[in-house]
Amino acid sequence: MRAISYARNGDPDVLELGEREVPEPRPGEVRVRIHRSGVNPTDWKSRRGAEPGKAVDPPQVPNQDGSGVVDAVGEGVSSALQGLRVWVWEAAYQRPAGGTAQEYALVPEHQVVHLPDVGSFDLGASLGVPFLTAHRCLTVTEGGPTRLGPGTLQGRTVLVSGGAGAVGNAAIQLARWCDATVITTVSSPEKANLAARAGADHVVDYKRQDVVAEVRRIAPDGVDTIVEVAAATNADIDVQVIGMHGSVAVYADDGGAPVSVPVRPLMLPNARWQFVLVYTAPKAWKAVAVDDVSAAVLDGAVRVGEEAGLPLHHFPLERAAEAHAAVESGAVGKVLVDVTD
Ligand SMILES: NC(=O)c1ccc[n+]([C@@H]2O[C@H](COP(=O)([O-])OP(=O)(O)OC[C@H]3O[C@@H](n4cnc5c(N)ncnc54)[C@H](OP(=O)(O)O)[C@@H]3O)[C@@H](O)[C@H]2O)c1
């Protein structure tokens with residue numbers, strides 16, 4: 001089979017296409033014939049590593065997210081899974097041979113999820129990292145829901161910073177599905193258009209408008225949850241728009257900038273500053289998040305493509321390095337690698 005891997009950290013050109021034996025599933029694993037491999041910033045950050053040129057031994061097959069069809073199962077796994085369309089999450093996490101940038105990937109059984117016929121392989125490969133992260137951000141607020149579904153965010157206001165980003169888009173779609181009032185920020189009219197297509201009720205252009213004034217006009221009592229991509233840059237704004245018992249869910253690090261927040265204005269509303277990393281989130285939460293995201297797919301509530309505010313960019317497997325470079329340079333939308341048809 002054809003597989004992409006890297007044997008040292010560095011630029012996208014460390015990604016090499018090679019031939020490997022089709023692996024046999026071990027106990028508790030399934031083998032997935034991968035159709036689409038989804039690329040996220042985490043994939044290029046892992047590839048780049050901390051030190052350029054450092055050996056990666058054994059070589060790593062990149063990309064956490066993907067979709068395809070189960071074509072073999074290991075001992076202890078029901079043969080009923082054979083032939084099932086699935087999406088996979090965290091396939092490469094602590095698994096050098098496990099990434100989705102290859103024709104067949106072995107994945108632990110609990111990390112493959114049924115992809116119903118309403119969901120395309122493109123959608124399936126776009127779910128893992130962005131949607132699970134968005135789910136976590138939407139379920140860490142005091143008194144807020146721990147499960148997502150229709151009505152669970154009724155009467156609540158969510159502010160999604162960066163609504164044209166992949167996680168931002170997922171947060172908008174999920175919050176909308178849950179009947180929240182959704183406000184989002186973007187940096188251009190083009191991105192405003194995408195965020196509106198994702199389902200945001202209110203879109204604020206943070207380069208051209210006063211975000212605090214706009215959010216306070218829409219939500220005079222402040223917002224319940226902020227899904228924050230740029231914590232250091234936006235800390236001032238977040239402090240001024242957070243409502244009583246609200247939370248700021250921070251899932252990105254602004255390139256390493258430290259966050260500074262005033263204490264008293266956050267004490268008064270009993271606000272929460274919650275840091276989020278999808279890999280180390282509690283296992284019990286993750287199981288719930290996978291279930292809820294699946295339910296959203298089945299409901300037809302989450303979509304991909306320009307009409308859903310998430311333009312798709314396809315690359316064939318042999319151009320996986322270009323796919324990584326596209327994500328690294330901030331491609332707007334979702335970058336997918338077409339592994340097999
Ligand atoms: N913690 C986790 O578990 C987790 C999970 C997924 C992703 N992440 C991280 O989260 C980040 C985003 O991931 P992604 O896949 O969504 O990337 P993406 O698709 O590139 O989206 C990033 C978005 O952030 C927006 N943005 C940047 N600065 C902003 C600001 N000051 N205010 C509002 N929006 C701003 C960008 O648009 P403009 O620049 O035009 O505003 C862009 O739309 C990456 O660093 C990724 O590694 C972390």
Side-chain angles (χ1 to χ4, degrees), residues 38-48 62-65 89-90 92-93 125-140 159-174 183-198 200 203-212 214-215 226-238 241 248-257 259 273-282 285-286 289 293 304 308-313 323-336:
V39 188
N40 292 286
T42 187
D43 301 311
W44 70 254
K45 289 176 186 176
S46 300
R47 186 209 71 229
R48 204 162 268 292
N63 301 353
Q64 303 290 346
D65 293 343
W89 52 274
E90 289 179 25
Y93 182 56
S126 307
L127 293 172
V129 170
F131 279 85
L132 297 181
T133 304
H135 186 292
R136 177 89 179 138
C137 291
L138 292 170
T139 53
V140 293
L159 170 62
V160 177
S161 93
V167 177
N169 172 279
I172 294 172
Q173 294 202 59
L174 288 177
I183 310 172
T184 192
T185 60
V186 294
S187 63
S188 69
E190 295 72 32
K191 287 188 171 179
N193 205 358
L194 292 174
R197 287 179 182 195
V203 183
V204 180
D205 186 327
Y206 72 83
K207 294 241 162 115
R208 293 164 181 80
Q209 292 176 282
D210 177 339
V211 176
V212 173
E214 288 301 315
V215 173
I226 302 177
V227 181
E228 186 54 85
V229 69
T233 311
N234 292 334
D236 261 2
I237 293 173
D238 295 345
V241 302
V248 182
V250 176
Y251 66 90
D253 74 351
D254 279 30
V259 180
W273 214 275
Q274 168 82 47
F275 296 93
V276 167
L277 180 65
V278 74
Y279 299 115
T280 54
W285 161 79
K286 211 171 276 186
V293 170
V304 291
L310 197 70
L312 299 177
H313 310 283
H324 265 224
V327 175
E328 203 165 341
S329 59
V332 178
K334 186 76 214 174
V335 172
L336 296 170

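All heavy atoms count here, side chains included; hydrogens, waters and symmetry mates do not. Just so it is clear, the model here is predicted, and its values are computed rather than measured. Sequential numbering from 1 along the given sequence is applied to the chain's residues. Counting convention: from 1, in listed order, for ligands and their atoms alike.
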Hey, is atom 38 (P) of ligand 1 touched by any protein heavy atom at less than 4.0 Å?
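Yes, at least one protein heavy atom sits under 4.0 Å from atom 38 (P) of ligand 1.
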Mind checking whether [X] has a heavy atom under 4.0 Å from ligand 1?
X	value
V229	yes
K334	no
A164	yes

Between the candidates [options], which shows the shortest non-hydrogen contact distance to [atom]?
atom	options	value
atom 7 (C) of ligand 1	V204, V167, N40, D254	V167
atom 36 (C) of ligand 1	E328, Q64, K191, E190	K191
atom 5 (C) of ligand 1	T133, D43, L132	T133

Under 4.0 Å from ligand 1, counting heavy atoms only, is it the side chain of [X], its backbone, both or neither?
X	answer
V129	side chain
Y206	side chain
N234	side chain
V278	both
K45	side chain

Testing T42, T133, V167 for side chain to side chain contact (heavy atoms under 4.5 Å, CB included) with V278, which one passes?
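For V278, the side chain to side chain contact (heavy atoms under 4.5 Å, CB included) check succeeds only for T133.
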Side-chain donor-acceptor pairs of residues 249-257 under 3.5 Å, sequence neighbours excluded:
residue, atom, partner, partner atom, Å
D253, OD1, G255, N, 3.1
D254, OD1, A231, N, 3.1
D254, OD2, A232, N, 3.2
D254, OD2, T233, N, 3.0
D254, OD2, T233, OG1, 3.0

